[in-house]
Amino acid sequence: MKRFRSIAILVLLIVFIDQCLKVYVKLHFRIGEELSFFGNWALVHFLENDGMAFGWSFGGKSGKLILNLLRIAVSSSIFFLLYKSIKQNRSSVFTFSLALIFAGALGNLIDVCFYGILFSESSSDQIAKTIIEAKPYASFLHGKVVDMLHFPILIIEQEKMPVLIQKMFFWSNHRIVFFRSVFNLADFALIAGLFINIVFNLNKLKRLKVRY
């Protein structure tokens, strides 16, 4: 019972913080608007995407519907695995990784299910409003995922690159940006959970090989 409670608190805390960030940004930022921290190393940069984590997409309305139905199926499967892992008292690391994956999947699922019917459209010209003040921008399961975390760890302007590299790989006004993706806390939790899960299973496989 204690383990169930701990995992439930972890999942709810991640989803709560993720949704608080998204709702705040949705109702206070225009698309493309940003706020910098620590110079330009950490940014709140508001974007929305129709697809998966880190802005990946799966084209068209029908594709979006299929993707979101698949999201529901996958999230349900992860929840079942998490419940089974807790009930069978499996490894804490494995259970923790599943909790992160489920929290991340649930956080973005809330966006695509409900944001379209709870908020008006965001654009570069206007800040979204709630449905109390304006019309919703999409139907159920057709909402957009709110992204806002951007960490351009390394930015190299074209003029600072060797001339040969400029001529070979870059047009005018181009630059290298690492890390370019804009994401949210749910994306981070999901990817972190997947990474921990992969490392856990690789270590488990190595131990089995050593044993036999």
Side-chain angles (χ1 to χ4, degrees), residues 4-38 41-58 64 67-83 86 95-122 127-131 136-138 140-152 179-197:
F4 273 105
R5 186 164 56 248
S6 299
I7 293 298
I9 290 171
L10 173 64
V11 171
L12 291 174
L13 184 61
I14 292 172
V15 172
F16 177 75
I17 296 173
D18 175 65
Q19 288 300 311
C20 285
L21 287 171
K22 288 173 176 176
V23 171
Y24 180 83
V25 169
K26 179 75 176 171
L27 295 178
H28 291 84
F29 285 69
R30 297 176 178 84
I31 293 289
E33 190 174 351
E34 66 182 27
L35 181 65
S36 63
F37 297 92
F38 309 111
W41 184 81
L43 304 172
V44 172
H45 183 94
F46 177 32
L47 291 178
E48 290 182 311
N49 75 78
D50 289 315
M52 299 173 283
F54 298 98
W56 301 333
S57 61
F58 193 65
K64 183 178 177 65
L67 174 63
N68 293 333
L69 289 173
L70 183 62
R71 257 201 186 108
I72 293 174
V74 171
S75 298
S76 300
S77 299
I78 296 168
F79 175 76
F80 175 74
L81 288 173
L82 177 59
Y83 175 81
I86 297 170
T95 304
F96 176 70
S97 71
L98 286 179
L100 290 179
I101 294 169
F102 177 66
L106 182 60
N108 284 335
L109 187 61
I110 291 171
D111 292 29
V112 299
C113 286
F114 301 111
Y115 275 32
I117 58 177
L118 292 177
F119 301 107
S120 65
E121 187 77 45
S122 293
I127 296 173
K129 297 179 180 179
T130 64
I131 54 168
Y137 73 85
F140 179 68
L141 280 178
H142 285 83
K144 297 177 182 178
V145 176
V146 173
D147 292 326
M148 82 294 290
L149 303 177
H150 183 34
F151 297 95
F179 175 70
R180 185 180 292 275
S181 296
V182 180
F183 57 101
N184 56 49
L185 183 60
D187 294 335
F188 178 78
L190 196 154
I191 297 300
L194 285 172
F195 177 78
I196 293 170
N197 195 281

Reported [atom1]-to-[atom2] distance for the pair [X] and [Y], which is rounded to 0.5 angstrom:
X   : Y    : atom1 : atom2 : result
L21 : N184 : CG    : CG    : 9.0 Å
L70 : S75  : CG    : OG    : 9.0 Å
R5  : L12  : CZ    : CG    : 13.0 Å
S97 : I196 : OG    : CD1   : 6.5 Å
E33 : I31  : CD    : CD1   : 10.0 Å

_Parallel, tilted or perpendicular, as decided by the 30° and 60° cut-offs, for the rings of H28 and Y24_ = parallel
What heavy-atom pair brings [X] and [Y] nearest, and what distance separates the two atoms?
X    : Y    : value
D18  : G107 : OD2-CA, 3.6 Å
T95  : L82  : O-CD1, 3.6 Å
S120 : A128 : O-CB, 3.3 Å
L43  : S36  : CD2-CB, 3.3 Å
H150 : S181 : ND1-O, 3.3 Å

*Hey, mind stepping through F102 and L81 against side chain to side chain contact (heavy atoms under 4.5 Å, CB included) and telling me if it holds?*
CA-CA 10 Å; F102 177 66; L81 288 173; over 6 Å; no
*Is it true that atom CZ of F140 has more than 12 heavy atoms of other residues, nucleotides or ligands lying nearer than 6.0 Å?*
yes
*Step by step, would you call I117 with I131 a side chain to side chain contact (heavy atoms under 4.5 Å, CB included)?*
CA-CA 7 Å; I117 58 177; I131 54 168; 5.8 Å; no
Should [X] and [Y] count as side-chain neighbours, where that means a heavy-atom distance under 4.5 Å?
X    : Y    : answer
L141 : K64  : no
E48  : Y137 : yes
Y115 : V145 : no
F151 : F183 : yes

*asked:* Suppose the criterion is salt bridge (charged side-chain N to carboxylate O under 4.0 Å, His left out): which pairs have a residue in residues 96-110, not counting sequence neighbours?
replied: none
*Ignoring hydrogens and angles, tell me if any N or O in the side chain of K144 forms a donor-acceptor pair with the backbone of A138 under 3.5 Å.*
no
[options] screened by side chain to side chain contact (heavy atoms under 4.5 Å, CB included) with [X], the one that passes:
X    : options          : answer
V182 : D187, L149, D147 : D147
I101 : L106, L194, I191 : L194
F46  : L35, V146, I127  : V146

*Please lay out, stage by stage, how L190 and L100 fare under the test side chain to side chain contact (heavy atoms under 4.5 Å, CB included).*
CA-CA 6 Å; L190 196 154; L100 290 179; over 6 Å; no
*Aromatic centroids of Y83 and F4 separated by under 6.0 Å*: yes
*What do the steps show when you test L118 against T130 for side chain to side chain contact (heavy atoms under 4.5 Å, CB included), and what is the final call?*
CA-CA 6 Å; L118 292 177; T130 64; over 6 Å; no
